[in-house]
2 protein chains.
Amino acid sequence: MLHQPRNDKEEVTLKDIAEAVGKSVAAVSRALNDYDDISPETRTYIKQVAFEMGYTPNLMAQRLKKRTTDTLGFILPVLSPKNSDPYFSELLVGIANEATAQGFDLLVSTCVPGYEEVQAYLRLINSHRIDGIIVARSRRRDPRLDLLLEKQFPFVVIGTVDLQKGFLLVSDDAATGARLVVNHLVARGHRKIGLVNTPMDLTFSAEFFDGMKGAMLEANLEIDQNYWAECDFSQKGGYQAAQTLLSGSETPTAIVTADDVVALGVMAAVHDQGFQVGHDIAITGYGDILLAEHAQPPLTTVQRSTYNLGQQACRMLVTKLRGELLEQEHLVFKPSLVIRQSSDLDFWL
Amino acid sequence: MLHQPRNDKEEVTLKDIAEAVGKSVAAVSRALNDYDDISPETRTYIKQVAFEMGYTPNLMAQRLKKRTTDTLGFILPVLSPKNSDPYFSELLVGIANEATAQGFDLLVSTCVPGYEEVQAYLRLINSHRIDGIIVARSRRRDPRLDLLLEKQFPFVVIGTVDLQKGFLLVSDDAATGARLVVNHLVARGHRKIGLVNTPMDLTFSAEFFDGMKGAMLEANLEIDQNYWAECDFSQKGGYQAAQTLLSGSETPTAIVTADDVVALGVMAAVHDQGFQVGHDIAITGYGDILLAEHAQPPLTTVQRSTYNLGQQACRMLVTKLRGELLEQEHLVFKPSLVIRQSSDLDFWL
DNA sequence: TTTGACATCTTAATCGTTTTAGTTTATAAT
DNA sequence: ATTATAAACTAAAACGATTAAGATGTCAAA
């Protein structure tokens, strides 16, 4: 008997298959799910017929019954419509790729950080839309984490090494990254080292700052108030921060930044003030985005495998959701320094 | 009678509310959905109790019953893990914001363009996960569109003006953009104008090329084979393309590109070859990404409201899905020229 | 012949909604 | 007193899967 793929609008259901093969709906369901109380012959026959009829399970029915959605949530913080942080793009790709590989869907929502944000998380976790959520760019005293912990909702955090370790965590090691940068600059003879940091309420920025401070102390240096600014993750922010940094009577010989995009802005400002980047003033970034390599001059930066951060975060969360054993709940990637010309031209000849 | 919000793990269902208020499940459902065969008093009472008990509808049950998912799909093409195109980031934010505003979820998947891609679309539309899909960066003879048309699946296309108009369409007008650029350069006295285009199988690139060719013809110019290259959407691609362009005996006095990120690469290459961007060689981009404004020198480019493209695409698709009247099925944004120093320094004094 | 074990299936309940087709009650019209 | 109409509800059947519990038949052992 040949079963045509149904090409009308009607959807093929288990019931249709059951009628076609002359068995019960339960038998068909169990056959398709490889239960062993269905004889091998019937099983292959049923699968064959299901295939011929073009059966695809109704996900909503499955999800209702199984009380699971096989979907992860990710909320993209959006500062301004145009602002597209390469960090989040890369993270998203890592997460989405891994989700697909694991058979999970990824639900993406957006939100401007602030009060609304918690509401957005609340909506997402209260409506059975998703099984778990990925939180990126964690903050100190992060209300999102409080909420998720309180609601006992599964989640993984990307972006800090040092939170109260009650949940899954994936991060690069910002402090070590900062140390690498400072050590490099100090070895080149720099002593007046400025900092353009990202907002200090982010755990990343705080850890970066601590790392830098530590490395500076070891070199008997400290972070001068006059060489210290803070800005958001944008080129414009970096540009403006650098302008104030350079407005004083003395200028630093090196400027460390906590983000590549910010560094690009700093480079532009330094250039516009008549300095030669890499010669008069060394500049470093963080992240090693694609643009860093082809900046003018190419940007010394800290390599962070953002894609892997997203991928591993997703993998860990899925593993946990499946109830499988997780070898480690905290994953920290060691960063490495990528030395390019923005800090490698001839100083102090 | 006071109904406590239930704080145990159990979910509040219509049945719970029904028992609490002493009415039937149907009455509760109808009350919450504002049917007019429930008396105003009961309706407000039921709503009150539902609120107090912390009721949130089970989405999967609703979706199963209503046979709709209130979810849109978007497949992010990913060339390489690190490659994060600002265009797609901005598009995504526009789409996601509008989806949220319309009460829709957004499902994001990734895929490397090619054979797999159609499979990814097929999976998505076959499994009742989404009600409609947003297709970006359309191609000539796009297999994705063939598939969607064949399956009669609702979708909207972003990125071309000129397809067989059987579906929803949102686009900027690349041809006009190219014309603006060429007219500007010609007015500045340029006659040897090179082109670094993006891949010609994209409708965008083809339309850009046509626009440029037309404008050149009107100025009695043509696109010289020696000044004509093609590359993918990356700074590296632009860098390499520009290198081949500049390797000949004669060099163009202006290089038009079809993408800002590519333009940044071209600028780097031009600079590295010892030319001064904006003075020796004018360079233009397309898109007006944030980085364009702070490039060195700031990049002349075509303003495209990518955020709005995403937003409107989403809005149109949702309107269509709701069965509401759509004033127009094709929306084309007129681009405008943003003149900056990369094409505006002193030539031909 | 009875009993148990096993393989292979079926019945029916369930998930939480929505919706169709009534039912009940009160009030108004005949 | 009967009938019609409307208001305010309810019962039960969906939606399409999964699954617990039970049924049936076959075969071997007691």
Side-chain angles (χ1 to χ4, degrees), chain A residues 6 8-47 49-50 53-71 103 105 126-131, chain B residues 6 8-47 49-50 53-71 103 105 126-131:
Chain A
R6 313 195 18 175
D8 43 11
K9 272 286 195 183
E10 306 283 319
E11 279 303 323
V12 181
T13 69
L14 287 187
K15 199 175 159 204
D16 298 323
I17 302 175
E19 279 165 12
V21 301
K23 303 262 152 142
S24 73
V25 170
V28 175
S29 171
R30 300 179 81 79
L32 293 177
N33 288 294
D34 285 322
Y35 278 64
D36 61 2
D37 64 351
I38 304 292
S39 77
E41 302 83 50
T42 344
R43 191 185 319 184
T44 47
Y45 177 54
I46 286 177
K47 282 188 176 178
V49 172
M53 294 176 75
Y55 171 74
T56 48
N58 184 311
L59 272 184
M60 295 312 149
Q62 286 185 323
R63 290 175 175 178
L64 172 58
K65 180 67 212 198
K66 300 222 260 192
R67 313 196 65 69
T68 168
T69 63
D70 290 354
T71 303
D105 283 342
N126 265 347
S127 56
H128 308 271
R129 257 182 269 253
I130 55 174
D131 294 340
Chain B
R6 315 201 9 179
D8 44 9
K9 270 289 197 182
E10 307 283 318
E11 279 303 322
V12 180
T13 69
L14 288 187
K15 200 175 157 205
D16 298 324
I17 302 175
E19 280 165 14
V21 301
K23 303 260 153 147
S24 72
V25 170
V28 175
S29 171
R30 300 179 81 79
L32 293 177
N33 288 294
D34 285 323
Y35 278 64
D36 61 1
D37 62 354
I38 304 292
S39 76
E41 302 83 48
T42 348
R43 193 186 319 187
T44 48
Y45 176 54
I46 286 177
K47 283 187 177 179
V49 172
M53 293 176 75
Y55 170 74
T56 49
N58 184 312
L59 271 186
M60 296 311 148
Q62 285 185 323
R63 289 174 177 181
L64 170 60
K65 182 66 210 195
K66 299 220 259 193
R67 312 196 66 66
T68 167
T69 64
D70 290 353
T71 303
D105 283 343
N126 265 347
S127 56
H128 308 270
R129 257 183 269 257
I130 55 173
D131 294 341

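These values consider heavy atoms only, across backbone and side chains, with no hydrogens, waters or symmetry-generated copies. Lettering follows sequence order; numbering is per chain, from 1.
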**Prompt:** Under the side-chain contact (heavy atoms from CB on, under 4.5 Å) criterion, do Y55(B) and V49(B) qualify, and how do the steps go?
**Reply:** CA-CA 9 Å; Y55(B) 170 74; V49(B) 172; over 6 Å; no
Distance in angstrom units between [X] [atom1] and [N] [atom2], rounded:
{"X": "L64(B)", "N": "dT19(C)", "atom1": "CG", "atom2": "C1'", "result": "13 Å"}
{"X": "K66(A)", "N": "dA13(C)", "atom1": "NZ", "atom2": "C1'", "result": "18 Å"}
{"X": "K15(B)", "N": "dA12(D)", "atom1": "NZ", "atom2": "C1'", "result": "15 Å"}
{"X": "K23(B)", "N": "dA8(D)", "atom1": "NZ", "atom2": "P", "result": "10 Å"}
{"X": "I46(B)", "N": "dT10(D)", "atom1": "CD1", "atom2": "C1'", "result": "12 Å"}
{"X": "D70(A)", "N": "dT18(D)", "atom1": "CG", "atom2": "P", "result": "12 Å"}
{"X": "M53(B)", "N": "dG16(C)", "atom1": "CE", "atom2": "C1'", "result": "14 Å"}
{"X": "E41(B)", "N": "dA7(D)", "atom1": "CD", "atom2": "P", "result": "13 Å"}

**Complete:** Testing dT19(C), dT18(D), dT17(C) for proximity to the side chain of A26(B), the answer is dT19(C)
Within less than 4.0 Å of OP1 or OP2 of [N], is there a side-chain N or O belonging to [X]?
{"X": "N58(B)", "N": "dC15(C)", "answer": "no"}
{"X": "T13(B)", "N": "dC15(C)", "answer": "no"}
{"X": "Q62(B)", "N": "dG16(C)", "answer": "no"}
{"X": "S29(B)", "N": "dG16(C)", "answer": "no"}
{"X": "T42(B)", "N": "dC9(D)", "answer": "yes"}
{"X": "K65(A)", "N": "dT14(C)", "answer": "no"}
{"X": "Y35(A)", "N": "dC9(C)", "answer": "no"}
{"X": "S24(A)", "N": "dT11(C)", "answer": "no"}
{"X": "Y55(B)", "N": "dG16(C)", "answer": "no"}

**Message:** Using a heavy-atom cut-off of 4.0 Å across all strands, would you classify R63(A) as base, sugar-phosphate, or nothing?
**Reply:** nothing
**Asked** With sugar-phosphate meaning primed atoms plus P, OP1 and OP2, does D36(B) contact a base, only sugar-phosphate, or nothing at under 4.0 Å between heavy atoms?
**Response** nothing
**Request:** Run the salt-bridge test on K47(A) and D34(A) with the 4.0 Å N-O cut-off and return the result as yes or no.
**Result:** yes
**Asked** Given that I38(B) and D37(A) both sit by DNA chain D, which one's nearest nucleotide is further toward the 5' end?
**Response** I38(B)
Shortest non-hydrogen contact between [X] and [Y], atoms and distance:
{"X": "R43(A)", "Y": "I38(A)", "value": "NH2-O, 3.2 Å"}
{"X": "R63(A)", "Y": "D105(A)", "value": "NH2-OD2, 3.2 Å"}
{"X": "Q62(B)", "Y": "P57(B)", "value": "NE2-CB, 3.5 Å"}

**Message:** Please compare R43(A) and A61(B) by the position of their nearest nucleotide in DNA chain C and report the one closer to 5'.
**Reply:** R43(A)
**Asked** Which sits closer to the 5' end of DNA chain C, R30(B) or P40(A), going by the nucleotide each is nearest to?
**Response** P40(A)
**Message:** Tell me if a side-chain donor or acceptor on R30(A) pairs with a main-chain N or O of Y35(A) at a distance below 3.5 Å.
**Reply:** no
